[in-house]
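What follows is a set of notes on a single structure, which appears directly below.
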Protein chains: 2
Amino acid sequence: MTKITIKDISIALQVSISTVSKALSDSHEISESTKSRIRDYAKANNFSINKVAQSLKLGRSNTIAVIACAINNDLVSQILEGIQEVAIESKYDIIIMQSMEDESIERSCIEVLKARGIDGLLISPVSESSNIDMLLNLKLSKVPVVLFDRINSQLNTYKYGVKNFDGAYQATVHLIKQGCTNILHITGSQLGVANERLSGFLAALQEYRIPFNPENYIPCNLKNTNTIDADIRKALKKAFKSKNKPDAIFGATDLITIRSLGILADMNINVPNDIAVIGFANTKAAFAMNPSLSTISQPGKQIGYLAMTQLVKMIKTKREIDYFETIELDTSMHIRKSSLKETRI
Amino acid sequence: MTKITIKDISIALQVSISTVSKALSDSHEISESTKSRIRDYAKANNFSINKVAQSLKLGRSNTIAVIACAINNDLVSQILEGIQEVAIESKYDIIIMQSMEDESIERSCIEVLKARGIDGLLISPVSESSNIDMLLNLKLSKVPVVLFDRINSQLNTYKYGVKNFDGAYQATVHLIKQGCTNILHITGSQLGVANERLSGFLAALQEYRIPFNPENYIPCNLKNTNTIDADIRKALKKAFKSKNKPDAIFGATDLITIRSLGILADMNINVPNDIAVIGFANTKAAFAMNPSLSTISQPGKQIGYLAMTQLVKMIKTKREIDYFETIELDTSMHIRKSSLKETRI
DNA sequence: TTGTACGCGTTATCAA
DNA sequence: TTGATAACGCGTACAA
């Protein structure tokens with residue numbers, strides 16, 4: 001048994017190819033009787049339409065693509081959930097790809113997708129300027145592009161992310177209100193959202209008249225867990241050797257914050273009493289940490305939902321769009337045990 | 001600027017379409033001079049070939065698809081890494097989809113992929129018998145299918161997973177050697193790999209002449225974290241109220257084990273002294289738990305690598321294959337603090 | 001070395 | 001209500 005086409009059906013049923021085509025798309029031009037004959041035969045021989053030919057003919061594929069830097073984190077999976085929800089309602093197929101934080105992989109993803117004729121692209125770019133040319137080219141080819149999460153790209157289009165400044169500010173204020181005055185900010189050296197989070201952190205310090213010690217700014221190499229761990233461990237060792245020991249950590253990402261917690265446990269440093277910990281994180285395991293991890297979390301599913309909804313809208317209104325918005329949603333703070341000084345309970 | 005085709009190039013350069021086609025695929029039939037003229041023009045106008053038309057013509061798409069039940073877990077992301085590695089060398093594009101543990105979503109994924117003309121499919125099926133008909137149909141349409149992770153499907157093809165029995169056996173023996181005799185096995189009610197893991201668990205008990213208390217078998221509803229948490233919490237409460245309290249937990253999955261750890265912390269039950277914990281898990285955060293989580297982990301990347309390599313091989317040798325293997329790799333045990341009774345240190 | 005002509009499977013236009 | 005035909009963009013015999 002091999003693939004069967006509408007031509008095969010037309011021969012078997014002694015009708016024309018166009019009749020079959022119309023019947024299968026439930027055209028009003030075809031009588032109910034022939035429609036059902038054709039449908040029955042199609043089902044019986046489990047015919048499935050050749051979408052490749054269909055795409056070629058129609059000039060659209062009913063497919064959108066998502067390019068994320070990595071899909072092995074909770075924020076991205078939550079975003080994908082939101083995207084899928086819209087996709088199912090709106091009957092779009094989704095292609096998921098990961099750029100692995102690498103501009104050249106990102107480039108080849110975009111190339112492949114362009115060649116494959118997607119109807120729209122959702123992307124969280126590797127960096128501020130990565131593959132701008134390609135994305136621009138897509139836009140010019142009438143393929144709408146919407147950004148999510150990493151919304152610092154120079155590309156002019158719709159962007160969906162969160163208020164990184166505010167989230168960082170709130171987290172820092174929370175720590176300060178716990179009595180912390182010597183807060184480490186562990187972050188990434190080349191992270192798109194790092195600047196805003198740093199700004200929020202600094203703003204909170206300033207607000208409460210807490211001097212900022214440049215040594216407390218700790219950028220890590222986010223390449224992999226080994227480099228992250230090494231950088232964190234080194235910084236913590238140094239910090240705890242100094243005269244005025246740190247009393248809190250504000251982590252800029254999921255991974256940074258979680259690894260910090262593990263390293264502290266390994267160093268036998270008590271959290272939250274010796275040092276409080278809070279950080280940006282969407283992990284579902286925050287609750288399962290010990291102490292349970294306080295987090296600033298992002299409305300991942302909603303980001304995906306909104307971004308995809310906008311993309312679909314742009315696909316359907318083919319008209320050229322020159323007006324764009326950047327939507328920054330609120331983060332939410334989840335205070336658990338890791339940032340609650342026990343004297344305060 | 002809109003999309004440009006080889007026809008456009010042929011007109012601009014005053015050559016025939018076929019010359020352009022041949023030139024772009026570096027045919028020896030075309031002179032170097034025309035080749036470079038054509039290539040230059042193509043690059044200058046950032047031409048990208050229409051893969052839809054190409055697929056239609058060639059009858060293949062140079063694309064393989066991966067269907068996982070969910071991509072928000074470390075095992076799956078590691079498997080995807082392995083797959084991507086092979087894909088990059090062998091120049092295949094990858095489409096990733098998730099079935100969300102739902103047979104009907106799985107079905108529509110397969111339908112879409114079949115219609116879209118993929119060259120091969122890697123799938124971790126929702127259940128033992130889910131969509132067997134569709135997968136069989138794909139195979140009969142000469143689209144090779146390779147299974148990974150959930151290799152209990154009735155489909156007859158290559159399958160790549162791990163020795164679940166052995167992994168469970170080792171974990172249980174480890175607990176027994178720590179002095180545990182009243183071990184809870186928390187698992188999933190409808191999990192493809194659950195039976196083998198249960199068997200390994202029971203075999204270890206029998207080996208060490210430890211009677212099995214049926215109450216210690218705790219199947220959870222894996223639908224979401226709420227149902228999992230509720231089931232675990234209920235079971236733990238009950239177990240700790242009984243005369244002979246449990247002294248260990250062997251968790252069947254990532255999520256189960258991690259949630260158990262969190263719930264225990266929440267119940268103020270000391271791990272590992274009150275109760276030791278070990279479980280199947282590939283999470284990178286095991287280290288960051290407190291106590292750090294002992295795990296049985298799977299060689300995810302290798303599973304992906306091998307499965308994809310086999311798939312590519314099957315795609316290239318178009319010949320009908322009727323001989324298949326099931327490859328079960330070794331798991332590895334990582335003993336951390338959660339399963340080490342302190343009296344033993 | 002280059003060009004002509006056909007077909008992949010589908011939809012759409014127009015005629016019957 | 002149905003059918004013949006052209007076209008989507010590309011690759012490939014075959015002819016020149």
Side-chain angles (χ1 to χ4, degrees), chain A residues 2-39 41-42 45-63 112 114-119 141-143, chain B residues 2-39 41-42 45-63 111-119 141-143:
Chain A
T2 176
K3 265 174 195 162
I4 144 177
T5 72
I6 57 172
K7 186 177 173 188
D8 298 327
I9 299 180
S10 78
I11 294 171
L13 265 45
Q14 300 281 37
V15 291
S16 79
I17 293 181
S18 44
T19 302
V20 177
S21 173
K22 287 171 184 167
L24 289 175
S25 54
D26 200 23
S27 163
H28 60 270
E29 298 178 28
I30 307 295
S31 72
E32 269 312 320
S33 61
T34 28
K35 270 190 203 173
S36 60
R37 267 178 68 217
I38 290 173
R39 276 199 285 251
Y41 185 91
N45 297 68
N46 50 37
F47 164 81
S48 84
I49 201 162
N50 185 324
K51 289 215 178 199
V52 174
Q54 196 178 43
S55 294
L56 179 60
K57 178 62 195 172
L58 297 179
R60 57 187 158 76
S61 57
N62 238 59
T63 304
V112 165
K114 185 188 172 195
R116 199 168 292 287
I118 52 164
D119 293 348
S141 312
K142 315 279 187 217
V143 178
Chain B
T2 176
K3 263 174 196 161
I4 143 177
T5 72
I6 57 172
K7 186 177 174 187
D8 298 327
I9 299 180
S10 77
I11 294 171
L13 265 46
Q14 300 280 34
V15 291
S16 79
I17 293 181
S18 56
T19 301
V20 178
S21 172
K22 287 171 184 166
L24 289 175
S25 53
D26 200 22
S27 164
H28 59 272
E29 298 179 28
I30 307 295
S31 72
E32 270 312 321
S33 61
T34 26
K35 271 190 203 172
S36 61
R37 267 179 68 218
I38 291 173
R39 275 198 285 253
Y41 185 89
N45 297 67
N46 51 37
F47 163 81
S48 83
I49 201 162
N50 184 324
K51 290 216 178 200
V52 174
Q54 196 178 44
S55 294
L56 180 59
K57 177 63 194 171
L58 297 179
R60 56 187 159 76
S61 57
N62 238 58
T63 304
E111 266 166 5
V112 165
L113 293 171
K114 185 189 172 195
R116 198 169 292 286
I118 53 164
D119 294 348
S141 311
K142 315 279 187 219
V143 178

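To find a chain, count down the sequence lines: A is the first, B the second, and so on, and within it residues start at 1. The analysis underlying the following values was restricted to heavy atoms, covering all of them including side chains, and did not include hydrogens, waters or symmetry mates. Note that the structure is predicted; figures quoted are calculated from it, not measured.
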Look at B:Ser21 and D:dG11 and indicate whether a side-chain polar atom (N or O) is within less than 4.0 Å of OP1 or OP2. yes
D:dT2 phosphate, OP1 or OP2, under 4.0 Å from A:Ser18 side-chain N/O: no
Classify A:Val52 by what it touches in the nucleic acid, base, sugar-phosphate, or nothing, heavy-atom distance under 4.0 Å. nothing
For B:Glu32 and C:dT1, what is the distance between atoms CD and C1' respectively, to the nearest whole Å? 12 Å
Want to settle it: does B:Leu58 or B:Thr34 sit nearer the 5' end of DNA chain C, counting the closest nucleotide to each? B:Thr34
What is the separation between atom CD1 on B:Ile6 and atom C1' on D:dG11, rounded to the nearest whole Å? 8 Å
What about A:Lys57, does its side chain sit under 3.5 Å from the base of C:dT10 through a donor-acceptor pair? no
Can you see if the side chain of B:Thr19 gets near the phosphate of C:dT2 - specifically, an N or O under 4.0 Å from OP1 or OP2? no
Verdict with reasoning, B:Thr19 to B:Ser16, per side chain to side chain donor-acceptor pair (under 3.5 Å): CA-CA 5 Å; B:Thr19 301; B:Ser16 79; 2.9 Å; yes
Evaluation steps, side chain to side chain donor-acceptor pair (under 3.5 Å), between A:Ser25 and A:Ser27: CA-CA 6 Å; A:Ser25 54; A:Ser27 163; 5.9 Å; no
Looking at C:dA12, does its base get a donor-acceptor pair with the side chain of A:Lys22 below 3.5 Å? no
Can you measure A:Leu56 atom CG to D:dC8 atom C1' for me and round it to whole angstrom units? 4 Å
With a cut-off of 6.0 Å (strictly less than), are more than 12 heavy atoms of other residues, nucleotides or ligands near CZ of B:Arg39? yes
Please give, in whole Å, the distance from C:dC8 P to A:Ile49 CD1? 16 Å
Would you please confirm or rule out a distance under 4.0 Å between OP1 or OP2 of C:dT2 and any side-chain N or O of B:Ser31? yes
B:Ser31 vs B:Ser33, test: side chain to side chain donor-acceptor pair (under 3.5 Å). Steps then yes/no. CA-CA 5 Å; B:Ser31 72; B:Ser33 61; 3.2 Å; yes
Could you check how far CG of A:Leu24 sits from C1' of D:dT2, rounded to whole Å? 15 Å
Starting at the 5' end of DNA chain C and moving along, which residue's nearest nucleotide shows up first, B:Lys35 or B:Ala53? B:Lys35
B:Asp26 CG to C:dT1 C1', straight-line distance once rounded to whole Å: 15 Å
Give the minimum heavy-atom separation between A:Leu56 and B:Ala53, together with the two atoms involved. CD1-CB, 3.7 Å
Starting at NZ of A:Lys7 and ending at C1' of C:dC8, how long is that distance when rounded to a whole Å? 10 Å
Side-chain N or O of A:Gln54 versus OP1/OP2 of C:dG9: is the shortest distance under 4.0 Å? no
With a 4.0 Å cut-off on heavy atoms, is B:Ile17 in touch with a base, just the backbone sugar-phosphate, or nothing at all? nothing
